[in-house]
Every structure is written in C-alpha cells, then in structure tokens.
Amino acid sequence: METSSTKPVIAVTMGDPTGVGPEIIAKALIRPEVNAVCRPLVLGDMETLERGIKIVGAQLRIETMGTGVPPEATTPGVLYLRSLSDLSPADREFAKPTAAGGEAMFRYITEAAHLCLSGDVAGMATAPINKEAMNRAGHKYPGHTELLAELTGTRDFVMMLAGDRLRVTLVTIHEALADVPRLVTHDKVLSTIRITHRDLHRYFRANPRIAVLALNPHCGEGGMFGTEDDRIIKPAVEAARADGIDASGPLSADTLFHFAVQGDYDAVVCMYHDQGLIPLKLLHFDDGVNVTLGLPIIRTSVDHGTAYNLAGKGTASERSMVAAILMAAEMAKQRIETYGNAT
Ligand SMILES: NC(=O)c1ccc[n+]([C@@H]2O[C@H](COP(=O)([O-])OP(=O)(O)OC[C@H]3O[C@@H](n4cnc5c(N)ncnc54)[C@H](O)[C@@H]3O)[C@@H](O)[C@H]2O)c1
Ligand SMILES: N[C@H](C(=O)O)[C@H](O)COP(=O)(O)O
C-alpha cells in the first residue's frame, strides 16, 4: 500500500503496439524528473518495448515483474514491466493495428485499473490506443475514458485536457457533431460543472473559477442562432451557482479562451470535443495531459494519438507522456497526503 514516505507507483500502459507508445514510454522513463517523483510500472509487451527502447536509443534494460511493484529504491536505467501479451511480428507492424493488438491494449488498461482499485499502484498513465482496433477485438468503447468508467463502476465522469495555462472539460466526448445539441442536457451540463469543480478543488486549487461555454455563436443571440444557451445551459449554470460553485456562463466560445489563458478562469466547460480540444491542443499540444475526472482512481493520459506517421522513427515527442506521468504522481501525492492512501 502506498504511504506518504514512498514515491507512488504509477502504472504506465503501453497502448497500441503499432504506434509511438513504446518509444515515448522509453524516452519518458529515462527522464530524471520522472524517476524523482514516482516508480513507473509499465504494463505492455516485452518485445515491443525492447524495440521501442532500441529505436530511441534509451539506456534502459527491462526487468519483468510477474507480480508485485518496483522496489522503493528503484534502479536508474531499469524499465519495470508486467508483460501482459506476447504479440506476433504481424501484430507489431508499425501503423497496422490488429485485433490481437486491440485485445492487448484492452488488457493493459484493465490490469492497470485493477491495480489502482486494489491500491497496489497509486495511479495510472496511459499511452495512446487505437480505438477502432480495440473495438475490432470485441471491446466496444469509444476510448479509455468510457472503459475505465465501466471498470470502476462510475456513472458520472468527465474528460479534462489540461496544461499550465488552460484546462478544458467536456460535456460531450466522442459523439457525432449532429448529435451534440440533443446530448447537451441540463443534467449533463450541471453534472460536468459539479465534477469539474469537485476534482479541481481536490487536486488543483480551492474554489475554482469555472467558465461554461455557450453551444451557439454569441450565446444564441437571443434565440436567433439557437435556444440551447438560454433554455438549457443558463439554468444549469444557475443551479451550479446555487450549490456555491463559482461558475459563469453561458459565455461566447470565440472570445472566452482569450480571457481564460490570461488566468481569469481555472477551467472551461465545453459543450463538445473539438470546441475545447482545438484551443487546448493549439496551446498545449506538446505538454497537455488528458485527465479523467470523477473516477475513484487517478488516471491521466497523453493528449495525442498513436502518431502512425512517426511510429518507428524515434522522433515522437515524449513531453506529453512525461507530463501525464508527473501529473498522476502529483495527484497521487495530494491524495496520499489528504487521505493517507491513493485510492
Ligand atoms: N490518448 C489516446 O489513446 C488517443 C488520443 C487521440 C487519438 N487516438 C487515436 O490515435 C489514432 C490516430 O489519431 P489521429 O491521427 O487523429 O491523432 P494523432 O495524435 O495520432 O496524430 C495527429 C498528428 O499529431 C502528430 N503527433 C501525435 N503525437 C505526437 C507526438 N508525441 N510527437 C510528435 N507529433 C505527434 C502526428 O504525427 C500527427 O501528425 C486514432 O486511432 C485515434 O483514435 C488515441
Ligand atoms: N479525446 C482524446 C484526445 O483527443 O486526446 C482521446 O481520444 C483520448 O480519449 P480516451 O482517453 O478516452 O482514450
């Protein structure tokens, strides 16, 4: 069990074996700032990780662990691995994800979640997966977020993408744009605001200032460009304010981010995926972190995908992977200090 005196163990899932995950993990795990604050335990495939280490030229050797976690005094230059697959060369061909690879991705994620729930590790950080391949393996989830919500029995959860100048949370995630107006309901907006407030308060700052975006241009212009802002979003913000949450909105999305990055808000609640992720990745593509709020476990992730055009070249940036691991370790430290344990 984690205690405040030890560096937290963070499970790092390898993700898609045909993407850049193994390479950015190898690059991240030789970074001194990572090993200074946590003990990474990689969940993945031995041969795929060996290949990633070789491609990036990292001074790392793999030490496999059937059970257990890395020792409190980890050895520099060691990648501690729980090997959970034995993929064939055909399933490890760059940029050609397969169903067997999708099954392996699913296994890495589920094992990491179980280790978090049992308290064996303090949190998890995920490398990118190919959702379509995981679906081809029979696991019908839009991504990690929904799978982890099911594994942890979480009904209300929120995707947050965070950098040091901007944090966005999403009312709707991987939905067709045509479906968004129907999915932006009073309860969903209010629940997103509440979870954003609760977890920002828990992990990042007291009484966070939360901006809530309008769905329509210029907040619907009095109904000329849509009525969801007045009819649905405004009452939800009012209900959040009645809870004592410092929420403002609905606010016009085209100008709000200018003020948010100046520090006027601690988070921006966005109505749909690209409304929030375009400005976030414009500003923080290199160092942004995807955090799943509302779960009983700590989960962070890179803010990018499998980068197939870079897979095997050793050129993909590890900065977001590093930021995700560091954020998971910081959140775990906060939790251990507050509650005595990380789960
Ligand atoms: N966290 C995740 O699991 C996650 C996130 C987004 C997309 N995906 C999946 O990844 C696959 C490809 O998606 P996509 O092409 O839309 O997005 P992508 O992020 O893989 O690629 C978009 C662009 O960003 C570049 N890029 C991505 N990561 C980079 C890095 N670390 N360093 C340098 N450049 C980087 C890529 O080279 C590409 O030019 C899809 O299957 C998608 O579902 C997974
Ligand atoms: N929407 C995320 C992004 O653009 O980075 C990404 O698809 C990850 O989703 P999951 O963490 O649920 O796989």
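Every number for a ligand or one of its atoms is a count from 1 in the order of the listing. The chain is numbered in sequence order, starting from 1.
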- Taking the side chain from R319 and the backbone from D287, do they hold a donor-acceptor pair closer than 3.5 Å? no

- Query: Got the residues with a heavy atom under 4.0 Å of ligand 2, by chain and number?
  - Reply: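 Under the 4.0 Å cut-off, ligand 2 touches K131, G143, H144, T145, M159, H174, H273, L277, K281, N290, R299, D303.
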
- Message: Between R136 and E132, is the salt bridge (charged side-chain N to carboxylate O under 4.0 Å, His left out) condition met? List the steps.
- Response: CA-CA 6 Å; R136 254 191 289 147; E132 185 269 331; 2.8 Å; yes

Atom of [X], atom of [Y] and distance for their closest heavy-atom approach:
{"X": "V37", "Y": "P8", "value": "O-CD, 3.3 Å"}
{"X": "L87", "Y": "A104", "value": "CD2-CB, 4.1 Å"}
{"X": "C270", "Y": "L213", "value": "SG-CD1, 3.8 Å"}
{"X": "R202", "Y": "Q334", "value": "O-OE1, 4.1 Å"}

Hey, can you pull the donor-acceptor pairs under 3.5 Å for the side chains in residues 181-190, sequence neighbours left out?
{"unit_1": "T185", "atom_1": "OG1", "unit_2": "K188", "atom_2": "N", "d": "3.0"}
{"unit_1": "K188", "atom_1": "NZ", "unit_2": "V171", "atom_2": "O", "d": "2.8"}

- Message: If the criterion is any heavy atom closer than 4.0 Å to an atom of ligand 1, which residues make the list?
- Response: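 For ligand 1, the residues that come within the 4.0 Å heavy-atom cutoff are P128, I129, N130, K131, H144, F285, S301, V302, H304, G305, T306, A307, N309, L310, A316, S317.
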
- Message: Check this for me: does any side-chain nitrogen of one of K234 and E238 sit under 4.0 Å from a carboxylate oxygen of the other?
- Response: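 Looking at E238 together with K234, the answer is yes, because their closest N to O distance falls below 4.0 Å.
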
Listing, residues 290-301 side-chain donor-acceptor contacts under 3.5 Å, not counting sequence neighbours, or none:
{"unit_1": "T292", "atom_1": "OG1", "unit_2": "R299", "atom_2": "NH1", "d": "2.9"}
{"unit_1": "R299", "atom_1": "NE", "unit_2": "T126", "atom_2": "OG1", "d": "3.4"}
{"unit_1": "R299", "atom_1": "NH2", "unit_2": "T126", "atom_2": "OG1", "d": "2.9"}
{"unit_1": "R299", "atom_1": "NH2", "unit_2": "H144", "atom_2": "ND1", "d": "3.3"}
{"unit_1": "R299", "atom_1": "NH2", "unit_2": "S301", "atom_2": "OG", "d": "3.4"}
{"unit_1": "T300", "atom_1": "OG1", "unit_2": "A324", "atom_2": "O", "d": "2.8"}
{"unit_1": "S301", "atom_1": "OG", "unit_2": "T126", "atom_2": "O", "d": "3.1"}
{"unit_1": "S301", "atom_1": "OG", "unit_2": "T126", "atom_2": "OG1", "d": "2.8"}

